[in-house]
Structures are given as C-alpha cells and as structure tokens.
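Step one of this worksheet: look at the structure below.
Start at 1 and go down the list; that is how both ligands and their atoms are numbered. Values below: all heavy atoms of this structure, side chains included; hydrogens, waters and symmetry mates excluded.
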Amino acid sequence: MKKALLLAVLLSALVLAACGGGPGGGPAAGPASAPAQADTASESASDGPQLADQLSVYNWTDYIADEVLIKYEEQFGVDIIYDTYASNEDLLAKLSAGATGYDVIFPSDYMVSQMIELGLLAEIDVTQLSNFANIDPAFANAPFDPGNAHCVPYQWGTTGIAYKLDDPAFADGAPDSWAYLYDIALLEQYADRGINVLNDQRELIATALFYLGYSPNTQDRAQLEEARDLILQAKPYWKTFNSEDYDDSLLIPGEVALSHSWNGDAANAIWNTMDDATGQSEWGYAIPEEGAVKYLDNICIPVSSERYETALHFMNFLMEPENAAAITNFTYYPSPNLAAREFIVEEILNDPGIFPPEDVAAKLQWLTDVGDAVFTYDEMWTAIKGQ
Ligand code: N2P
C-alpha cells in the first residue's frame, strides 16, 4: 500500500517538476526573506483573504504529504518554502535565535506552552476557521493552549520501540520494556546489530524516567540526575541518535535491530518491509509496559510571521478532511481530525500501532511544560550528548 502511495506522489511530483512546479523548497531551503503581506499576488476567492506569494513552512521531518503542499500551491498560487527540524528544542532554538522568516510551525503540546510563555506565538481566533469543527473535541481546548487561542491540532502519536522481528533477541516476544534500552544484560544480546535512540531531549529523558518509575515530567533534580546517569551507562551500546531519517536510513535497510521510535516512523518501516505475498513485515512496534509518551503536534504561527493571513488560510486548509487524511495516509500518524476518518485508508485506521487501542492508551502520558526545570533538562542533555 505504501509503495503504491509513494509511487503516486512521486509521479505527481515529477509531472509538476517537469512543468516547473514542485512542492516548494526542497530540503533546508531556509526561511523566506521576501517581504510578505505587502507582496500579495493572489486571492483564493473573490471574498477570500489576500494571499502572499510565498509561505515558509517549518515542520518535523517526514511529517506531511507532498501532494498536499502541491495542491495548496496549485490551488492558491502560493509558493511554499519548506524546511524541517528534528525536535521541539531545535525549533525553539531556531526561533529564539531570532529566525523571523517562518510562517507556520508544528510544536508539540509542552512546547506550545513554553512558546506561549516566551511570547513566540501569534494569537488566532478559531471561530474564524471553518474547518476547526472537524477536530475531535477530545483534542481541542487542551490545557497547554486553552481555547486554542494560538494553535490547532495537527497530528498525534505515541513513542515506543521499533524492533526487527527476525532478531534472535526478540524471538521470545516483543521488547515491551524500556529495559531494552537500559538493561546491560539485554543490551549485550543485540547491541552489535545496532540500536538507535531519538535525538530528542524530552523524549529520551522520558524513557529513562519511565524505566526508573518516575514521572516523565519530573522537576526533581535528583531524579533527573539519576536518569542522566542511566542514559550515560547505556550510551556506549547505542549506535546512533537520530530523530529525522532513521526510519528510511536505519530501520528499513536493517542498519539497526531496535530503535526508540515514533509510531508513524515505525509504521513506515513496517509497511515498507512487508512481503506483499505473505503480509509478513520485517519490523514490529511495541509500547513499553512501564509507560510511554503520547504527543499532540500543533499548527501554529510565529508572532514574527509577516504573512499571518496566508498562514491562517494554510492552517484552515490543512484541517480540510481530505487534506488531513492525505497527510495521515502518507505519514502513518493518527489524525485528530474526526471528519478525515472516512478518507483514511482502512489498514491505517485498523492498525493498533497507529491508532492505539484502549489498553495501550491507558499506559500513555503527555509531556508537559516543566517550568524552570527546563534548565535542568537542558543541562542533563548537554551532559548526555557531550560525553
Ligand atoms: C515524524 C515526526 C514525528 C513528530 N518524523 C513527533 N512529535
């Protein structure tokens, strides 16, 4: 299924490239510096907003379907400049360092709260967004952004363990414990076949905190130091810290046997290594019994955007059911858009690794803003990455 989807997207991209179009930007195109709202050229409809010539979109790696970008460009005559990041902290660092070119960003729950606090996000009025009604009320009005005064839900997901089904270390069952990242006796069994962890500070520190029986949102310095030490003793057994292209560069080619993984990236490896004849994949995905992270990523507009109206228009476009479904059908991340469900392919809707069933959902926890303890997390992360 994935291969067919990929091919269709690739073909339409090729056709567009041949016509001089294409999904805007390509990798690391960087923020646009062109003047914005003044530089308006097109309108979506006679009574629609004046749209800018360009829109600079900054998103997680592999987190949108190119066909949706192409559709927006073609339908509204807006050139999308697309750039990607590996973690919430990378996004924050970029914006805090004064990057002003970005118009649309996708921070997770706890990072929305940090960014609001720092005054980095523009306000929105969701009553003006016709497609906001498509969002599942369970994901609207979240505590990190009451009343959706700044952002709207984009996609959500879980963070667990992707593993190679044919590795002898997992012959007796799925690695459904964070011990598979931290227990030296276990690590000795498969570390030579490769282990990847997400290059993401809150996500990785959370795995150690879960393993130690602490909250993934602890603000206790002693607990965080314990988590740091646990990570440092396991680190020599880990091959890579990769939260960007690890599914395509490490999992699918079998460069690792196990990876700390977001569920959509794991699903990408699962679907892409599936034998069409037998339906058997090379990869599996497990949620550890000690608990795991669930996240809600959001569409937001930096306060520095000079193309606010166009950003808002794009935000509304992404919440159209067909567009939200196309994104889920390509990225394999669950959508918080209820109206999109009828357009999401059956295999994805029924995949318990993508849309978790009740018993799994009960083990999941949100990451929340830890206030000033964020400096302790930063300090631990520097120690982790530095040694
Ligand atoms: C996909 C990125 C997932 C975002 N590569 C996790 N918050």
Side-chain angles (χ1 to χ4, degrees), residues 2 5-6 9 27-28 57-66 68-69 82-94 104-115 139 142 144-145 151-162 196-207 216-217 240-252 256 259-272 283 285 287 292-300 318 324 326-337 348 351 353-356 364-369 377:
K2 173 72 175 184
L5 281 174
L6 262 177
V9 171
V57 177
Y58 195 31
N59 197 355
W60 297 83
T61 312
D62 290 338
Y63 213 36
I64 202 157
D66 279 355
V68 171
L69 298 177
Y82 197 77
D83 196 4
T84 60
Y85 54 86
S87 69
N88 282 299
E89 286 67 28
D90 282 3
L91 167 64
L92 177 64
K94 200 71 165 260
V104 182
I105 55 173
F106 299 76
S108 307
D109 32 58
Y110 75 91
M111 185 51 70
V112 166
S113 161
Q114 277 183 236
M115 287 183 163
F139 290 99
F144 58 80
D145 183 25
C151 307
V152 298
Y154 177 60
Q155 298 206 98
W156 68 283
T158 63
T159 316
I161 293 178
N196 175 63
V197 294
L198 293 175
N199 192 18
D200 183 305
Q201 73 177 68
R202 287 294 306 270
E203 287 279 15
L204 186 62
I205 292 172
T207 67
N217 298 303
T240 39
F241 281 71
N242 184 329
S243 55
E244 294 187 270
D245 62 355
Y246 63 104
D247 44 346
D248 292 318
S249 69
L250 300 172
L251 275 57
I252 292 171
V256 294
S259 179
H260 177 211
S261 179
W262 286 310
N263 60 337
D265 296 333
N268 184 31
I270 292 169
W271 287 103
N272 264 293
W283 283 87
Y285 178 69
I287 292 292
V293 167
K294 60 178 168 179
Y295 51 81
L296 177 60
D297 297 326
N298 304 273
I299 316 171
C300 317
L318 292 180
I327 295 168
T328 289
N329 286 338
F330 186 74
T331 63
Y332 302 143
Y333 283 91
S335 176
N337 190 313
I348 291 180
D351 185 335
I354 299 177
F355 284 91
L364 304 171
Q365 288 191 51
W366 302 110
L367 293 180
T368 57
D369 186 350
Y377 279 82

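Ring centroid separation for the pair Tyr85 and Tyr58 comes in under the 6.0 Å cut-off. Aromatic ring centres of Trp366 and Tyr295: separated by at least 6.0 Å.
You'll find the side chain of Trp60 reaches within 4.5 Å of the side chain of Asn88, heavy atoms only. Contact check for Leu92 versus Met115: side-chain heavy atoms found under the 4.5 Å cut-off.
For the residue pair Pro336 and Tyr154, the shortest heavy atom distance occurs at CD-O, 3.0 Å.
Residues passing the ring pair (Phe, Tyr, Trp, His ring centres under 6.0 Å) test with Tyr333 are Tyr63, sequence neighbours excluded.
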For ligand 1, find each of its N or O atoms that sits under 3.5 Å from a protein N or O atom, and tabulate the pairs with distances to one decimal place.
from	atom 1	to	atom 2	distance (Å)
ligand 1	5 (N)	Thr61	O	2.7
ligand 1	5 (N)	Asp265	OD1	3.3
ligand 1	5 (N)	Asp265	OD2	3.2
ligand 1	7 (N)	Asp297	OD1	3.3
ligand 1	7 (N)	Asp297	OD2	2.9

